[in-house]
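Chain letters run A, B, ... following the sequence lines, proteins first and then strands; every chain starts at 1.
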Amino acid sequence: MPELPEVETIRRDLAAAIVGRRVVRTEVRDASLVHAPSVAGFGRGLRGKAVQRADRRGKYLLLHLDDGALVLHLMMSGRIFLRPADDPVGHTRLVVEFDEGPALHFVDVRRFGRAWLLPPPGVDALLADLGPEPLEPGFDGRVLQAAVGGRRRAIKPTLLDQRIVAGVGNIYADEALWLARIHPDTPAGSLSLRRLNNLARAIVTTLRAGIEYDGTSFLTHVGSRGERGRYQERLNVFQRTGEPCPRCGRAIERLVVGQRGTHICPRCQRRRG
DNA sequence: CATTGGACCTGACCGC
DNA sequence: TGCGGTCAGGTCCAAT
C-alpha cells in the first residue's frame, strides 16, 4: 500500500489509540517480518515497554518506546489493524498486545513488510540515508536541485528514490508530475530551478491532499480500524488510463518508466529537451 | 559513482 | 475449470 499519506493516516490512528499503552505480549506469526533483533529478542525486548509517541519518517512508522523504537515498514501490501488480540484476520504476521485496548496487528499478504526493535542509535542508522521530509519547512526546488544536479536518470524514478525525498511512491509521483506538467521521462538534471520549484510545490500539494482524504485505498490501504481512504476519488491520472485529463480533456495514457506503471496526460506533460 | 534489472512474495484478473 | 501471463502504494542487491 503505503506512501507517505497512507503511513501518516495510520500514524495518526496509532497516536490516538496506543500511545501510553504498555506491551504485555507479542506474537510473531511470521519470522521473516522481523529484521532485528532475533525473533526471541524482539518479543523479549518489547515486553513491558510503554509507547511514548507514534512518529513517521518517510514511509517508516516509528513507535517510540521507553528506550528505542518499534519500527514498521509496510512495503507493498502491509496493513495495521487495531482489533482484539484473539481475533486475527488472514495473513496476520505480528500481534502486539497491550495492557488495555485493542492489539496492534501487522497484516501483510505479500510478506515484504518489515519490523525492527532498535535502540536509538539503531533507529538513526536505519533512517540515515533518507532524504528530506517533503512536508517539513525548507523543502523546495533548491533542495531538489542539490540532490538531482547533473543526474541523467528520469525524474520519476528519481522521485521514487527515498534518498532524494522521503515518502513519495508510485501514486503520488504520478500525481505530482501531472500537477507540475512534467513528463516522467525527463532527465532529472535537465529540469530548471523554476520547474523543480513547481515540482516541489506539486509534491507538497499532492501529499497534503492525500493526508486530508486519509490516503488512497486503491488496492490494500485501509486505516487501522478498517476504514478506506478517499483520495482514490480525487486522483487525476493514476490508474485512470483512457479517462479524460481533468485539466485538458485529453485521454490519460499508461506507460512504463523505470519499470513502474506510469500515468500521464500526453498533452499536459510533453517531453521537452 | 550512477543506473538498471532481477529478486523478493502472494493473489487478482484476463484471455484462451 | 484450469493454465499462463500480467499486474500490484517498495526496497535491496548484483551486474553493467
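A:Phe238 comes within contact range of the sugar-phosphate backbone alone, with a heavy-atom separation under 4.0 Å but no base atom that close. Among the heavy atoms of the strands, none lies under 4.0 Å from A:Thr158.
Cation-pi contact between A:Arg240 and A:Trp178: absent, since separation from the ring centre below 6.0 Å together with deviation from the ring axis within 45° is not met.
For A:Arg110 against C:dA8, a side-chain-to-base donor-acceptor contact under 3.5 Å is present. In the interface, the side chain of A:Arg111 is not paired with the base of B:dC9 through any donor and acceptor atom under 3.5 Å apart.
Atom CG in A:Asp185 sits about 14 Å away from atom P in B:dT3, given to the nearest Å. Counting to the nearest Å, the C1' atom of C:dT11 and the CZ atom of A:Arg260 are 10 Å from each other. Rounding to whole angstrom units, CG of residue A:Leu33 and C1' of B:dC8 are separated by 14 Å. The separation between A:Asp161 atom CG and C:dG10 atom P is 13 Å, rounded to whole Å. As rounded to whole Å, 10 Å separates atom P of B:dT10 from atom CG of A:Asp108. The separation between A:Leu160 atom CG and B:dT4 atom C1' is 14 Å, rounded to whole Å. As a whole-Å value, the separation of A:Gln232 CD from C:dA8 P is 17 Å. Rounded to whole Å, the distance from NZ on A:Lys59 to C1' on C:dT11 is 9 Å.
Picking from C:dA8, B:dG6, C:dG10 the nucleotide with the shortest atom distance to the side chain of A:Gln259 gives B:dG6. Comparing B:dA2, C:dG10, B:dG11 by their nearest atom to the side chain of A:Arg151 picks out B:dA2.
A donor-acceptor contact closer than 3.5 angstrom is absent between the side chains of A:Gln162 and A:Asp129. Using modelled atom types and a 3.5 Å distance limit, the side chains of A:Asp214 and A:Thr9 yield no donor-acceptor pair. If you check the side chains of A:Arg201 and A:Asn198, you find a donor sitting under 3.5 Å from an acceptor.
Nucleotides B:dC9 and C:dC13, compared at atom P, are 14 Å apart to the nearest Å. C:dG5 and B:dA7 have their P atoms separated by 15 Å, given to the nearest Å.
Each of A:Leu199, A:Thr262, A:Ile264, A:Val237 was evaluated against A:Leu177; a single residue qualifies, A:Leu199, per the side-chain contact (heavy atoms from CB on, under 4.5 Å) test.
Both geometric conditions, a ring-centre gap below 5.5 Å and a plane tilt below 30°, are not fulfilled together for A:Phe112 over the base of C:dT11.
In this structure, A:Glu175 and A:Thr216 have side chains that are not in contact, with every pair of non-hydrogen atoms separated by 4.5 Å or more.
Remark: DNA chain B takes part in the stems B:2-8 with C:10-16, B:10-16 with C:2-8, each of 3 or more antiparallel Watson-Crick or G-U pairs, criterion distances under 3.5 Å.
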Inset, instruction - Would you sort out whether A:Tyr172 and A:Tyr231 count as a ring-ring contact (aromatic ring centres under 6.0 Å, His included), showing the intermediate values? - result: CA-CA 11 Å; A:Tyr172 296 92; A:Tyr231 196 62; 5.8 Å; yes
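Within the 4.0 Å cut-off from OP1 or OP2 of C:dT11, at least one side-chain nitrogen or oxygen of A:Gln162 is found. An OP1 or OP2 oxygen of C:dG10 is reached within less than 4.0 angstrom by no side-chain nitrogen or oxygen of A:His73. Within the 4.0 Å cut-off from OP1 or OP2 of C:dA8, at least one side-chain nitrogen or oxygen of A:Arg254 is found. A close approach under 4.0 Å does not occur between any side-chain nitrogen or oxygen of A:His91 and OP1 or OP2 of B:dC9.
Atom CZ of A:Arg152 has 12 or fewer heavy atoms from other residues, nucleotides or ligands within 6.0 Å.
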